[in-house]
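Ligands are counted one by one from 1 in listed order, and the atoms in each one are counted from 1 as well.
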Amino acid sequence: MQILSFFALPSLLACGVAAVPSQQQAELAFDALQGWYNESIGLWIPSTGWWNSANCLTVIADLAEINPDVATKAEAIYPNTWSNAQDYNLQLQKTVAAPEFLMQSQHGGNLPKHKTTGFLNNYYDDEGWWALAWIAVYDVTGDRKYLRTAESIFDDMAKAYGTTPCGGLWWSKDRTYVNAIANELFLDVAAHLANRAGAKKSYYLDFAKKEWAWFKQSGMINSQNLINDGLDNATCQNNGGTVWSYNQGVVLGGLTELSRATGDDSYVVKGKLIADAAIQNLTDSNGILHDPCEPDCGADGSQFKGVFARNLQILQQYSPEPRYATFLEKNANSIWKYDRSRRGNKLSLIWSGPFVKPANASTQSSAMDVLVAALATQ
Ligand SMILES: *[C@@H]1O[C@H](CO)[C@@H](O)[C@H](O)[C@H]1NC(C)=O
Ligand SMILES: *[C@@H]1O[C@H](CO)[C@@H](O)[C@H](O)[C@H]1NC(C)=O
Ligand SMILES: *[C@@H]1O[C@H](CO)[C@@H](O)[C@H](O)[C@H]1NC(C)=O
Ligand SMILES: *[C@@H]1O[C@H](CO)[C@@H](O)[C@H](O)[C@H]1NC(C)=O
């Protein structure tokens with residue numbers, strides 16, 4: 001038996017059971033991300049923006065879950081961001097326009113501290129990102145203060161649920177657009193909270209189920225199981241907007257958490273159809289993920305792909321498939337080999353390489369999502 005396994009080893013390697021970047025390498029990437037952390041305001045600004053900072057925090061918590069060194073280093077980040085970021089709360093204007101529907105944030109510049117609304121702002125998707133970040137921090141710390149923050153953010157989103165002429169949730173409080181991201185985040189936050197909020201489980205589960213029942217028939221999921229950007233203002237039909245990677249991602253986390261909360265696996269079955277369609281549609285011939293905006297994804301689009309990887313991790317941990325392990329491994333390895341700066345372990349926009357400038361907290365956190373997902377599901 002021993003001799004057999006000795007000979008089996010090289011062929012296993014040849015079959016693609018390649019190592020992914022190590023825990024130490026993930027930690028180096030984390031150190032680089034923290035080079036952009038603005039301690040006094042608790043955000044990764046000016047390197048990236050408001051909602052993108054929530055995604056930076058999420059990937060740190062996710063890495064801390066599997067890496068004790070990072071867990072120790074991250075202990076100071078959570079309370080600092082929790083208290084300083086909500087004082088600062090960037091006043092943000094975002095636009096999105098046909099035909100691409102690539103979101104663009106404009107920050108208000110160096111605003112003085114002012115009376116703020118905590119982690120709430122004018123955009124329901126931004127609120128959803130922060131709710132998910134605090135849930136991730138709660139998961140790794142067990143500190144219920146963070147869970148309560150997520151729950152209170154969700155309450156603000158829930159107040160607007162069902163008030164659009166198309167159903168679902170508005171993108172922003174200006175009530176101009178019903179899109180996929182805000183609705184997927186509403187589903188995802190509700191389903192995450194259902195699995196964490198004890199006595200209030202049925203309250204959150206109800207919202208998650210309602211949102212999904214609406215979303216799946218809203219027309220946003222097209223006949224190829226790909227999710228377009230949103231609904232046409234006038235007709236409430238699929239607007240044919242770009243198939244962004246993050247819109248194929250957030251829904252996977254929501255559906256997995258729904259299966260977890262209900263024991264009904266039909267949600268993950270649908271999730272896998274969406275994940276497979278996305279991998280088919282958005283990868284190159286080497287299996288590396290791209291967004292259609294590359295190389296000009298702006299400050300927001302540069303973070304989309306990591307969101308897909310992070311949510312594929314959630315799906316993969318619940319109901320593993322070898323093809324998803326392969327996808328995460330390939331992308332993680334490609335980033336480390338071809339998309340990394342020669343000095344300082346900065347990770348940039350195009351995961352197949354080459355390294356393009358600038359790398360920043362947006363591209364770094366996004367690439368780290370894949371490293372973490374590959375490590376966590378190995
Ligand atoms: C932190 O953010 C504030 C507000 O935008 C800015 O004035 C300051 O220069 C930033 N600090 C660093 C180290 O970038
Ligand atoms: C939808 O209509 C509103 C009001 O007419 C307009 O301001 C907004 O830009 C439109 N949104 C999109 C995404 O086309
Ligand atoms: C991906 O999907 C879009 C929209 O459905 C389609 O236009 C495009 O041709 C597809 N690309 C690939 C490579 O499948
Ligand atoms: C971060 O880098 C991306 C990709 O190079 C770039 O598109 C984006 O504008 C940068 N963000 C900021 C805030 O400069």
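For the pair Val356 and ligand 4, no heavy-atom separation below 4.0 Å is found. Residue Ala361 places every heavy atom at 4.0 Å or more from ligand 4.
Atom 11 (N) of ligand 3 lies below 4.0 Å from at least one non-hydrogen atom of the protein.
For the atom pair Asn225 CG and Gln280 CD, the distance stands at 11.5 Å (nearest 0.5 Å).
Contact annotation: the side chain of Asn179 never approaches that of Leu231 to less than 4.5 Å [non-hydrogen atoms, C-beta and beyond].
Heavy atoms of Leu226 found under 4.0 angstrom from ligand 3 belong exclusively to the side chain. Contact annotation: for Ser348 versus ligand 4, there are no heavy atoms closer than 4.0 Å. Under 4.0 angstrom from ligand 4, the non-hydrogen atoms of Thr363 all belong to its side chain.
Of the protein's non-hydrogen atoms, the one nearest atom 13 (C) of ligand 4 is Ser47 O, 3.3 Å. Among all protein heavy atoms, the one lying closest to atom 4 (C) of ligand 4 is Pro358 O, 3.6 Å. Nearest protein heavy-atom contact of atom 5 (O) of ligand 3 is Gln224 OE1, 2.8 Å. Counting protein heavy atoms only, atom 1 (C) of ligand 4 is closest to Asn360 ND2, 1.4 Å.
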Glu257 vs Arg260, salt bridge (Lys or Arg N to Asp or Glu O under 4.0 Å): CA-CA, chis, key distance, verdict: CA-CA 5 Å; Glu257 292 287 330; Arg260 204 192 302 280; 3.6 Å; yes

Verdict with reasoning, Lys216 to Glu211, per salt bridge (Lys or Arg N to Asp or Glu O under 4.0 Å): CA-CA 9 Å; Lys216 72 176 179 206; Glu211 169 65 53; over 6 Å; no

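Looking at ligand 1, you'll find an N or O of Asn38 within less than 3.5 Å of one of its N or O atoms. Looking at Asn281 next to ligand 3, an N or O pair under 3.5 Å apart turns up.
No side-chain N or O of Tyr246 forms a donor-acceptor pair with one of Glu184 less than 3.5 Å apart.
In terms of modelled atom types and a separation under 3.5 Å, the side chain of Lys201 and the main chain of Ala261 share a donor-acceptor contact.
Ring orientation note: the planes of Trp50 and Trp130 are tilted relative to one another, at an angle of 30° to 60°. Taking the six-membered ring where tryptophan is involved, the planes of Tyr146 and Trp134 are essentially parallel, since the angle between them stays under 30° and well short of 60°.
Annotation for ligand 1: atoms under 4.0 Å from non-hydrogen atoms of Pro46 are 14 (O).
The cationic atom of Lys305 (NZ for Lys, CZ for Arg) does not lie both less than 6.0 Å from the six-membered ring centre of Phe308 and within 45° of the ring axis.
Of the candidates Gly298, Gly49, Ser362, it is Gly298 that places a heavy atom closest to atom 8 (C) of ligand 4.
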